[in-house]
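Inspection log for the structure reproduced underneath, given as structure tokens.
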Amino acid sequence: MTSYSNRLETFPIGEFCRKILKWYEKNKRPLPWRENKDPYRIWVSEIMLQQTKVDTVKPYFENFMNKFPTPEVLAEAEEEQVMKAWEGLGYYSRARNLQSAVKEVVHHYGGEIPKSPEDFASLKGVGPYTKGAVMSIAYDLEEPAVDGNVMRVLARVLLIGDDIGKQRTRKQVEQDVRALMVGTSPADFNQALMELGALVCTPKNPDCTACPVNNTCRAYQRGMTRELPVKAKKKKQQRQTMAAAVIENKNGEILVEQRPDKGLLAGMWQFPMVEASPALLHEAMSNYLKETHHVDVVLEATEQRFDHVFSHLIWDIHVFRTTAHAHTLTLNGKWLTKTKAKQLAFSVSHQKIWEQQL
DNA sequence: GATACGTGGAC
DNA sequence: TGTCCAAGTAT
């Protein structure tokens, strides 16, 4: 493997840049956020695209831009409407941080997305990648935008054997990109690297024979594309057994509760839910309903269960239901009509809970 | 620097 | 079913 200090010394930078830029010009996908250089549009797309596939993002992006077409509109929108537009995309702090950052742009930068990388990077939810992506794509500033694609492409091209999960590796690759992009269009160069990673230099079965830069690729020349990039294996997710309850009162209303404003699914509404050992689910939910929502009734187990898989844990959700007397005394919940409860209860798992208890 | 933070799709 | 992933950030 090549070391950080010397890996660009004998690398044909000019040839690599010329070829990848030419390839990008010819092969770039027409994407909704490539229609113009509106920094706000590009910013929104970059946030949505974090850890999320292009095909997943497309419909969300169109809908989001229709509802919140400018920083001013997003800044003034109800947070609940913003979250609703994000529902299903995951990583919900992205939406809250984006709205918070846009408010700062409107109130402190006159509604103009800062052209200073340092100013832009100070906004909530804007990390090293998003800073480089928006500054380069929207303003053509010479900033690297190193995402998973770029890490993979350069790990192979430059034969980098370091774990790409490490922050230090990413910082070194950022320096590599800074050196490579001199004299190019940063907007096109960054996107060319990412597009090549997405379409040709894929994680599995890269299409090396079709690659425009295979003659400069050190991994390809050595038959090592399959060993790169190096990435530490993920730990297995922890399993949690959960009880969830759909409770209808005599008025036909459904009980929903709000999660804490920090942590997993922060601030989101859900049907009452508790963690417990598998044998004690029924008892745990009964006690929880009594203590938290002052609902003291006989619970019915539905025999319905399903997994909700997160990146770091798995909920084994068991669905209960019951009918309660009408009242409103709850600690962190409220009774809503079925329609409103179903709308408010967030996250994919709660749509499933609703369907399964019917 | 390791861990928390969602989801759906590919194989 | 399991595993890995997809244009990362905050703490």
Side-chain angles (χ1 to χ4, degrees), chain A residues 28-29 31-34 42-61 83 86-98 100-101 120-138 143-153 163-171 173-174 177 187 190-199 201-205 229 231-240 259-268 270 306-316 346-352:
Chain A
K28 64 181 172 190
R29 293 165 291 179
L31 299 172
W33 43 91
R34 285 182 176 161
I42 291 164
W43 183 10
V44 171
S45 78
E46 290 302 343
I47 300 296
M48 284 190 173
L49 284 161
Q50 287 169 11
Q51 303 289 285
T52 311
K53 291 193 157 69
V54 165
D55 285 343
T56 303
V57 167
K58 278 180 183 172
Y60 282 91
F61 179 78
M83 300 307 290
W86 208 272
E87 183 177 2
L89 265 184
Y91 287 140
Y92 297 97
S93 65
R94 291 185 295 175
R96 263 196 214 89
N97 286 339
L98 176 61
S100 166
F120 184 65
S122 75
L123 300 169
K124 279 188 185 167
V126 178
Y129 166 75
T130 304
K131 171 183 73 164
V134 175
M135 293 297 98
S136 66
I137 297 172
E143 291 285 329
V146 176
D147 70 338
N149 288 309
V150 178
M151 295 286 284
R152 182 173 60 255
V153 169
D163 182 352
I164 63 165
K166 303 284 186 188
Q167 290 187 21
R168 189 180 42 145
T169 309
R170 198 210 68 236
K171 286 181 183 174
V173 170
E174 281 179 353
V177 173
N190 280 335
Q191 292 187 87
L193 281 175
M194 291 190 273
E195 199 79 341
L196 189 75
L199 300 180
C201 194
T202 48
K204 292 169 217 164
N205 305 316
K231 195 172 180 181
K233 285 188 180 170
K234 279 186 229 172
K235 285 190 295 187
K236 206 168 148 189
Q237 300 117 309
Q238 173 198 344
R239 271 191 98 82
Q240 290 183 344
R259 297 179 60 81
D261 62 6
K262 297 209 169 185
L264 185 63
L265 302 173
M268 293 170 47
Q270 63 182 10
F306 62 95
D307 282 351
H308 183 125
V309 180
F310 298 90
S311 44
H312 59 301
L313 68 91
I314 301 172
W315 279 350
D316 179 3
F346 233 93
S347 164
V348 176
S349 61
H350 288 83
Q351 302 297 328
K352 286 185 189 163

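Just so we're on the same page: letters track the sequence lines, and every chain starts at 1.
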Are there over 12 heavy-atom neighbours, none belonging to Arg168(A), within less than 6.0 Å of that residue's CZ? no
Presence of His308(A) side-chain N/O under 4.0 Å of dT7(B) phosphate oxygens OP1/OP2: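 For dT7(B), OP1/OP2 do have a side-chain N/O of His308(A) under 4.0 Å.
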Short side-chain N/O contact to dC5(C) OP1/OP2 from Lys231(A), under 4.0 Å: yes
Using the P atom as the reference point in each nucleotide, state the distance between dG1(B) and dA6(C) in Å, no decimals. 25 Å
Separation of the P atoms in dA4(B) and dA7(C), to the nearest angstrom: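 That atom pair is separated by 23 Å.
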Results of salt bridge (Lys or Arg N to Asp or Glu O under 4.0 Å) for Asp163(A) - residues two or more places apart only: none
Step through it carefully: locate the ring centre of His308(A), locate the ring centre of Phe306(A), and say whether they are under 6.0 Å apart. no
Kindly compute the distance separating CD (Glu46(A)) from CH2 (Trp33(A)), expressed to the nearest 0.5 Å.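 Going from the CD atom of Glu46(A) to the CH2 atom of Trp33(A) covers 9.0 Å.
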Tell me, for nucleotides 6-11 of chain C in 5' to 3' order, what letter each nucleotide earns: B for a base near a protein heavy atom under 4.0 Å, S for only sugar-phosphate near one, - for neither? BBBSS-
Applying a 4.0 Å non-hydrogen cut-off, can you work out what Leu89(A) is touching in the nucleic acid: base, sugar-phosphate, or nothing? base
Applying a 4.0 Å non-hydrogen cut-off, can you work out what Lys236(A) is touching in the nucleic acid: base, sugar-phosphate, or nothing?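 Nothing: the residue Lys236(A), judged by heavy atoms under 4.0 Å, touches no strand.
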Closest nucleotide of DNA chain B for Lys166(A) versus for His312(A): which of these residues is on the 5' side? Lys166(A)
Both Ala266(A) and Lys235(A) contact DNA chain B. Which one's nearest nucleotide lies toward the 5' end? Lys235(A)
Taking all non-hydrogen atoms of both residues into account, name the closest pair between Ala133(A) and Ala145(A) and its distance.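 Where Ala133(A) meets Ala145(A) most closely, the heavy atoms are N-CB, 3.5 Å.
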